[in-house]
Chemist: 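Supplied in structure tokens, the structure appears directly below.
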Amino acid sequence: MSAALRFTPRTLRAATFGWASLLGVVLLAAEPGKYVGPMDVVASPDGKSLFVLAADAGQILVVDVAGGKVAKTIACPATPTGLAVSPDGGKLYVTCGGVRGTACVIDAASGQVAATIPVGHTPFGPALVPGGKRLLVCNRFHNDVSVIDLAANKETARVKAIREPHKIAVTPNGSLAFVSNLLPVDPADSYNVAAEVTVIELGSLATSKIRLPNGSSSVQEICVSPDGAYAYIAHILSRYQMPTTQLERGWMNTNALSVIDVAEKKLLNTVLLDDIDLGAAMPWAVATTADGKRIIVSHAATHELSVIDAEGLIAKLKGMPKTIEEAKAAGRYDTQGSYSSVTVEDVPNDLAFLVDLKRRIQLRRGGPWGLVKEEGPLVNGPRGLDVIGTKIYTAVYFSDAVAVVDLEDKSYYPVKLIPLGPEPVLTVQRRGEMFFHDADLCFQHWQSCASCHPDARIDALNWDLLNDGLGTPKNNKSMLYAHRTPPSMAQGVRESGEVAVRSGITHIQFAVRPEEDAVAIDEYLKTLQPVPSPHLVDGKLSEAAERGKKLFFSERLGCATCHPEPLYTDLKMHDVGSKGQYDRVSEFDTPTLIECWRTAPYMHDGHYTTIEQLLKEGKHGSVTGDVEGLTDQERKDLAEFVLSL
Ligand code: HEC
Ligand code: HEC
């Protein structure tokens, strides 16, 4: 008997209580460590099929909607990252790969790759411009957007975005594209820190930007209403200026939907998707029903969908007084508490604004928030979604399934699942990845670890964690090599990555969890690998970076005394003159410089947005070397080397 067919107690249990009970048949559990990893789902224009982006399997799965099962698999030339479908359903546009990203044109019927178009580093979120002549693709780590001519299957232009662009929504008339940028670019110690949306005029390719409210980060998906009047964008609204003493009422992270007025190219307002005593962590995908009447948001960390009355929302937002005087004149400023938000400015802080305008649909069995412990398949991590008529289809990442919710059917439970493969058997690392993205580990479900550490990296914000005292905000830190570079935290207050993980659970999530959950998170974080820098040329240092490397290792500068290879840290604390106005100490932990290109702003207080600025204005490195004697060219070269690590 082959290993795959042997019944172990574990596979038997999974088969009995999991997919099997759902399907009424006996299926074998998957091989541990082998996953489908659905990240997104796009419906065919006729509504008969779903194209599922299976990131871990490296495939596009074609699901037959009527039959509720996978009808076909299409292999991708490299890891698929994004998916769009042509208006006739005949062609799939799939972005693939990392450093040498491509946009592939795939024939939906035959599964053959018809064209492979080179684009930038880690392409994401392909979007067709109506008319079908052009395709837009985000190059996440080149911070730009490729414009592709589909007649010639060639990139014809690159348009600058801001930071880690990854989703594009085009207006139905094809005039504008709205691009979501994951992270802010501001100095983290300034008063206003927020991510911005890039707007591209598709005629001239000129760009402008729309700033989201202070604290907006982890900006995920964006969509435009079918009438082209509004763009909706899902993101986290962080209250990073508050000391992290509690979580109640969205004290740390709230979860938001911003509404952009397309004609005005302006932010109309931002509303919260949370309830007063229950967070809706990690809003991810956003789409509308075809009639535009309902906005659907998936919540990756609370495993649910929000369904919002779009007309009601817009009417309420447009009816908001701009000033207290206006509110008084309109008879809306009373002492009876009739209005939760008095003016437009109150809306982004109002946890009750959507009270009559939204409902939350839990995707898990066992009732809302899985409170009733019931055996059933795992439903964890809904991400991309699409809508056919009144039915919502969501890719559920850790479950290797698509969840189906019919808005017309008032009794949603148990939510129907379309399995995309055998029930996944989670390795300890995969369980850790799941816990890291799960707001079950958080009091009232306000946030997951990934709310502040998207992709297990950073949100580019300063947080006043209590581990080093109150009133001492610190810039966020990446999880890459956290376990190999003790001590942890800028002030080195945690002796290791392990301790930092456990203190994150107890003191940031305010949760009590079994030790095995923390162990799983450790094991997941230890698997993180650096992404090759976009500053490398064919995988090698550029000429400028080579010159910078010599400077870095020179006695003249002595950077390597504190930043030695291989991880570019001596694991020690140093006083490098970086003490700021809020600090009580002057020694800080030497951070690894690997992946520095993606973790701006720099230093414990996030004061510097570029390495050149850190070297020039911050005079960093002058403890050992002649940093002030560097010429502009030398400083550029040195920065280029650090950014290539
Ligand atoms: C509210 C935002 C926030 C949340 C939520 C959060 N972190 Fe952090 N995390 C931070 C900040 C900010 C730092 C850096 C603090 C410092 O340097 O003093 C950090 C640092 C860390 C570090 C140390 C990295 C290093 O190399 O020094 C680890 C490990 C870590 N977090 C793990 C977690 C885990 C695990 C969770 C979930 C249980 C979590 N974090 C949730 C904001 C957050
Ligand atoms: C005496 C030890 C020391 C020397 C020498 C030194 N560094 Fe640093 N470096 C540090 C410490 C400590 C920090 C963190 C300081 C803080 O957070 O305030 C740091 C931070 C950095 C950062 C920011 C990393 C981040 O993620 O925020 C960069 C980039 C950097 N160093 C590059 C260099 C370069 C280039 C040189 C040589 C010109 C150099 N360092 C010399 C100790 C040193």
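When a residue number appears, it is its place in the shown sequence, counting from 1. Computed from a predicted model, the values in this text were never measured in an experiment. Every heavy atom of this structure was used, including side-chain atoms; hydrogens, water molecules and symmetry mates were not. Remember, it's 1-based here, ligands and their atoms both numbered in the order they're listed.
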Chemist: Can A490 be said to touch ligand 2, with heavy atoms closer than 4.0 Å?
Modeler: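 Judged by the 4.0 Å heavy-atom criterion, A490 does not count as contacting ligand 2.
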Chemist: Write the atom name of the N, O or S atom in H563 that is nearest atom 8 (Fe) of ligand 2.
Modeler: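 The atom in question is NE2.
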Chemist: Please write down residue, atom name and distance for the protein heavy atom closest to atom 11 (C) of ligand 1.
Modeler: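 So the nearest neighbour among protein heavy atoms is N476 OD1, 3.4 Å.
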Chemist: Which of the numbered atoms in ligand 2 are below 4.0 angstrom from a heavy atom of H604?
Modeler: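 Going through ligand 2 atom by atom, the ones under 4.0 Å from H604 are 16 (C), 17 (O), 18 (O).
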Chemist: State, without any angle test, whether H299 and S306 hold a side-chain donor-acceptor pair at a distance under 3.5 Å.
Modeler: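 Short answer, yes.
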Chemist: For atom 27 (O) of ligand 1, which protein heavy atom lies nearest, and how many Å away is it?
Modeler: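 Of the protein heavy atoms, M489 N, 2.7 Å lies nearest.
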Chemist: Measure the distances from the heavy atoms of D589 to every atom of ligand 2 and state whether one is below 4.0 angstrom.
Modeler: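 Within the 4.0 Å threshold, so yes.
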Chemist: When you measure from the side chain of R430 to the backbone of V428, do you find a donor-acceptor pair of N or O atoms at a distance under 3.5 Å?
Modeler: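 Side chain of R430 to backbone of V428: no pair is present.
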Chemist: Under 6.0 Å from the ring centre and within 45 degrees of the ring axis: does the NZ or CZ of R513 meet both conditions for the six-membered ring of F435?
Modeler: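 Satisfied, under 6.0 Å and within 45°.
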Chemist: At a 4.0 Å cut-off, with the gap strictly under it, does some heavy atom of P591 reach an atom of ligand 2?
Modeler: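 P591 counts as a contact of ligand 2 under the 4.0 Å cut-off.
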Chemist: Hey, looking at atom 41 (C) of ligand 1, which of C449, S238, A518 has the closest heavy atom?
Modeler: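 When every heavy atom of C449, S238, A518 is considered, C449 comes closest to atom 41 (C) of ligand 1.
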Chemist: Hey, is atom 8 (Fe) of ligand 2 within less than 2.8 Å of some N/O/S atom on C559?
Modeler: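 Short answer: no, not a single N, O or S atom is under the cut-off.
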Chemist: Does a side chain donor of either N475 or H604 reach within less than 3.5 Å of an acceptor in the other side chain?
Modeler: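 Per modelled atom types, N475 and H604 side chains form no pair under 3.5 Å.
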Chemist: Taking 4.0 Å as the limit for heavy-atom contacts, which would you say applies to Q447 with ligand 1: side chain only, backbone only, both, or neither?
Modeler: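 Within the 4.0 Å criterion, Q447 contacts ligand 1 through side-chain atoms alone.
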Chemist: Compare all side-chain heavy atoms of S503 with those of S488 and state whether any distance is below 4.5 angstrom.
Modeler: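 Sidechains of S488 and S503: no contact.
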Chemist: Has H453 got an N/O/S atom less than 2.8 Å from atom 8 (Fe) of ligand 1?
Modeler: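 Here the distance criterion (N, O or S atom, under 2.8 Å) is met by H453, so yes.
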Chemist: Please state whether the rings of F398 and H437 are parallel, tilted or perpendicular, taking 30° and 60° as the class boundaries.
Modeler: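 Rings of F398 and H437: tilted, 30 to 60°.
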